[in-house]
Amino acid sequence: MLQQQVKERFSDIDYPKWKRVGELQKSDLIQQNFDKNVLAIEYNEKIMHQGVRIHQLRGSDADIDEVFYIPYESTLERFKAYPYGTHEKYITEADGFFDQGAIINVPKNVSVEEPVFLRYDAGKANGFIDQNLICAGEGSNVTVVFDYTSSGDEIGYHNGLIRVLAEANARVKIIILQTFAKDIDHIQNTVSVIGNYGYVEYVSFDLGANVIASDYSAHLVGEASESEVATAYIGNGHQRLDLGYNSTHYGRYSQSLIETKGALLDHARKVFRGNLKFERGSTKSSGEESEYVLLLDENVRSDALPALLCDEDDVSGEHAASAGQVDEDQLFYLMSRGFNLKEAKKLVIHGSFSPIIDRLGIMSIQERVEVELERRLLYA
Amino acid sequence: MEKAVERTYVEDIERGIYDIKNEDRSKYKSKSGLTEEIIRDISKEKNEPQWMTDFRLKSLDYYIKRPIPTWGADLSGLDMENIVTYVRPNTDMKQSWDEVPEDIKETFDRLGIPKAERESLAGVGAQYDSEVVYHSMRDHLKKQGVIYTDMETAVKEHEDIVKQYFMTLVRPNDHKFAALHGAVWSGGSFVYVPAGVEVDYPLQSYFRLNAPGAGQFEHTLIIVEKGAKLHFIEGCSAPRYDVTNLHAGCVELFVKEGATLRYSTIENWSRNMYNLNTKRSQVEKDGRIEWVSGSFGSKVSMLYPMSILKGERAHAEFTGITFAASGQYLDTGSKVVHAAPYTTSNINTKSISKDGGHAFYRGLLIVGKNAHHVKSNVSCESLMLDAKSKSDTVPIIELNNDNIDIGHEAKIGRISDDAIFYLMSRGIDEIEAKAMIVRGFVEPITKELPLEYAVELNQLINLEFVGGIG
């Protein structure tokens, strides 16, 4: 069984040694508990009639194939050719030891109007591991929201894996809102494989947790495939963030965008790793990578490695990275309009996040994001 | 397969370490090829003071212990076992004009380089013409108090200054090739500009070519004292033919308070060369370093001129072009360390890859913890001229202070079809149109160079398109 092989592979590999982020908590900290009810799935019942299948995984599932409509293992095969993840150790951990998960299958030409919400709430427990797969059939359309929360105060650990397979002409939007309690170490790996004219968009907010190590990998396999990854984060206290983004172009006319906005306070430290890669043959493709971080306290540390790797001449690749303080002119202007310094600062900082917030399109999530931003930036 | 070869070299070196412990150094000869004896010989032949001999031996130690780097370019083509031949000035270095390959001879023709110069570039004869010019230059400079001499002479005649600065910026234990350089360095220029002196015309190391084979491990040491100004041009843009294929030179530039130094280089080594040069500058308060750098030649290049902005309001400028043609892997970039407040830097690099060439930009920008009010802008543009080439850009930015303003941008692309079409519609043929666009692409660099170099640079580009140089 696949899971058994994966578990063995997990024990064979060592944990990675990361220079900047250092050591993370390990999963043996949390109790693997298949009866733990961390996942609640919300969706409009109507979509079942459209043919959409949503299956809630519990780690104890003996034979996933039977339960579900797409052969699970063969779908995972589709991802094998493409590299992804912060490290193989964490991918195999999510595959072999997940507590809960969700598989969503949207059949051909089905358009799911309302978003599907995957509410992962650890409650007072100190963490969990989840594994998710979203298969969007040809011409289909779906939005899935991952809402990660916890309310405990113990040191904890979370490892989440999201795989998205977008067939030709499919449109998938994934929203991730992470507001874990402040002592949870959080690992997030996402990968999307996109077919001809497919489109996958990620909008993600990292507003909680302690150490964060994430990786968003988009493989633009099909012709005219498109990927947009827009993320925002706040680092404060002694947080360490290691944020990886990879767009790899294989198909002709493919387009990618990586857009990251962040703010660092207190003694937070972050590293942005962006890899925009054009494989030979991806003619007429274009890729864009941009990173902007606001440095709000003197002890923060920001590193960026925005790499641009190109094996094909008939493409256009761009990247930009910039870091700085809140623009004094902007502050001055707002203060001349009657805001005090603190309010003006908050407005400007909020303004820098708004391009990402604007992509959400779901009021309830947007409100939550605003509240969290406000709370985290309180002392900025 | 090539990786395995590299590992073998590392193992050899490790056995060398055990040899040191046994204090029986003769064992080296068979393994690393570079022995203490050889180093002592070199030092003796140069008639060096004891401290330099000791320095070389210490560097030899570091060299033996350090493994070859495994990142960046593939260095397996380097014949480290026979490094003795690189070093020995009188082994096989004699060449006659006849032995120079045809394509190099042709290039000299096309670039219009006169016969006397050709011979010297080919490492064959002395430069009679330049000897005369050199002497008159020397007198003029002497009056200003400027010291401009070759490195060997400087070690003896200006010992106190040299000892203070020599390999303090690029230390021998920095990396393997810095250690090698420290052990076997030979030739190069020493320039000392006293406080307040503005040297009115560029000094060129072209006039400092010495014995054949000396170009491999040149050491250039330049000190520009407070408020002084200098423009130094290294090398020339014609390909240099060498039997051996390793260039592990070193350039150390000390820019003092309020001083300005412009360092221009066009490197166009022959296409069998491994160019592993280390260039570093240190800039004091209100000082300014300007690098203008063109990398055209060599088979493999790993070159990252570095600026350490040590004093407040120090400034570094870097304008560079890298042109990787068929069979070349040019891994170049720029490193800037902002170690003081109010420092600024501006990096502008362009790279072109063609015919399967691989241009790799590798940069580093560090802002230290106490460096507030730092402003830096890095811009990298890459032009790929066909589908066979590769171009990569991997900048690393590490910021340890919040009160800064940093921007970085990079672009990769090809010559726009529209631009070529427009030029062709004006009667210009396709090849000339492409050459024109490429010349325009590199224009920010050519306009920083002295005229003869700009002309030669443009010629080089033209030749690339018309299939001139190898």
Side-chain angles (χ1 to χ4, degrees), chain A residues 19-20 249 263-328 380, chain B residues 333 341 351-417 434:
Chain A
K19 174 174 98 170
R20 293 173 175 87
H249 291 254
L264 297 176
L265 298 90
D266 310 320
H267 288 82
R269 304 162 64 169
K270 86 138 227 288
V271 53
F272 165 90
R273 298 172 200 275
N275 292 305
L276 174 51
K277 186 156 199 242
F278 292 94
E279 296 284 7
R280 192 153 295 171
S282 60
T283 43
K284 307 258 187 275
S285 295
S286 81
E288 211 182 294
E289 194 184 308
S290 84
E291 192 241 338
Y292 180 64
V293 59
L294 274 173
L295 309 171
L296 299 172
D297 274 314
E298 59 184 43
N299 290 311
V300 302
R301 201 182 139 162
S302 168
D303 291 352
L305 288 74
L308 187 46
L309 310 162
C310 195
D311 224 337
E312 173 55 63
D313 74 315
D314 197 1
V315 300
S316 150
E318 285 180 6
H319 76 217
S322 74
Q325 299 190 302
V326 175
D327 186 338
E328 283 190 0
Chain B
S351 76
I352 303 175
S353 50
K354 171 180 183 286
D355 256 339
H358 191 168
F360 204 115
Y361 171 85
R362 204 181 290 269
L364 177 63
L365 173 65
I366 297 183
V367 175
K369 196 151 191 339
N370 299 319
H372 54 83
H373 288 94
V374 162
K375 283 202 199 341
S376 172
N377 196 62
V378 180
S379 144
C380 317
E381 269 183 72
S382 300
L383 194 56
M384 291 174 69
L385 296 180
D386 54 47
K388 286 194 278 173
S389 322
K390 279 179 80 131
S391 181
D392 297 328
T393 306
V394 182
I396 298 181
I397 302 164
E398 294 188 3
L399 310 174
N400 293 296
N401 189 299
D402 70 320
N403 195 351
I404 54 180
D405 191 353
I406 306 288
H408 170 102
E409 54 180 317
K411 271 168 71 149
I412 286 186
R414 68 198 301 243
I415 299 180
S416 127
D417 287 332
K434 283 193 173 155

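A quick note: this is a predicted structure, and the numbers were derived from the prediction, not measured. Chain letters run A, B, ... following the sequence lines, proteins first and then strands; every chain starts at 1.
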> Supply the atom-to-atom distance B:Phe360 CZ to B:Ser382 OG, rounded to the nearest 0.5 angstrom.
10.5 Å
> Measure the CZ-CG distance between A:Arg280 and A:Asp311 for me, rounded to the nearest 0.5 Å.
4.5 Å
> Quick one: of B:Ser379, B:Pro395, B:Gly407, who has the most non-hydrogen atom pairs under 4.5 Å with chain A?
B:Pro395
> Between B:Asn401 (side chain) and B:Lys369 (backbone), is there a donor-acceptor pair under 3.5 Å?
yes
> Cut-off 3.5 Å, side chains only: do B:Asn403 and A:Glu298 have a donor facing an acceptor?
no
> Who among A:Ser322, A:Pro306, A:Ser302 has the most heavy-atom pairs with chain B under 4.5 Å?
A:Ser302
> Is there a donor-acceptor pair closer than 3.5 Å between any side-chain N or O of A:Asn299 and the backbone N or O of A:His267?
no
> When you measure from the side chain of A:His249 to the backbone of A:Ser285, do you find a donor-acceptor pair of N or O atoms at a distance under 3.5 Å?
no
> Is the backbone N or O of A:Gly281 less than 3.5 Å from a side-chain atom of A:Glu312, with the two atoms forming a donor-acceptor pair by type?
yes
> Heavy atoms only, distances under 4.5 angstrom: which of B:Ile366, B:Leu399, B:Ile396, B:Asn377 has the most pairs with chain A? Name it, please.
B:Leu399
> Hey, which of A:Arg269, A:His319, A:Arg301 has the most heavy atom pairs under 4.5 Å with chain B?
A:His319
> Quick check for you: among A:Leu294, A:Asp303, A:Leu276, which has the greatest number of heavy-atom pairs under 4.5 Å with chain B?
A:Asp303
> Carefully, step by step, assess B:Lys434 and B:Lys354 under the rule side-chain contact (heavy atoms from CB on, under 4.5 Å).
CA-CA 12 Å; B:Lys434 283 193 173 155; B:Lys354 171 180 183 286; over 6 Å; no
> Taking 4.5 Å as the heavy-atom cut-off, does anything in residues 385-393 of chain B contact chain A, and if so which residues?
B:Leu385, B:Asp386, B:Ala387, B:Lys388, B:Ser389, B:Lys390, B:Ser391, B:Asp392, B:Thr393
> Quick one: which of A:Leu295, A:Leu308, A:Leu309 has the most heavy-atom pairs under 4.5 Å with chain B, could you say?
A:Leu308
> Among A:Ala321, A:Gly324, A:Ser290, which residue has the highest count of heavy-atom pairs closer than 4.5 Å to chain B?
A:Ala321
> Pick one of side chain, backbone, both or neither for A:Arg273, based on which atoms fall under 4.5 Å of a heavy atom in chain B.
neither
> Out of curiosity, B:Ile397 CD1 to B:Leu365 CG, how far, rounded to the nearest 0.5 Å?
6.0 Å
> Look up atom OG in A:Ser316 and atom NZ in A:Lys284, then write down how far apart they are to the nearest 0.5 Å.
11.5 Å
> Who wins among B:Glu409, B:Glu398, B:His372, B:His358 for the most heavy-atom pairs under 4.5 Å with chain A?
B:Glu398
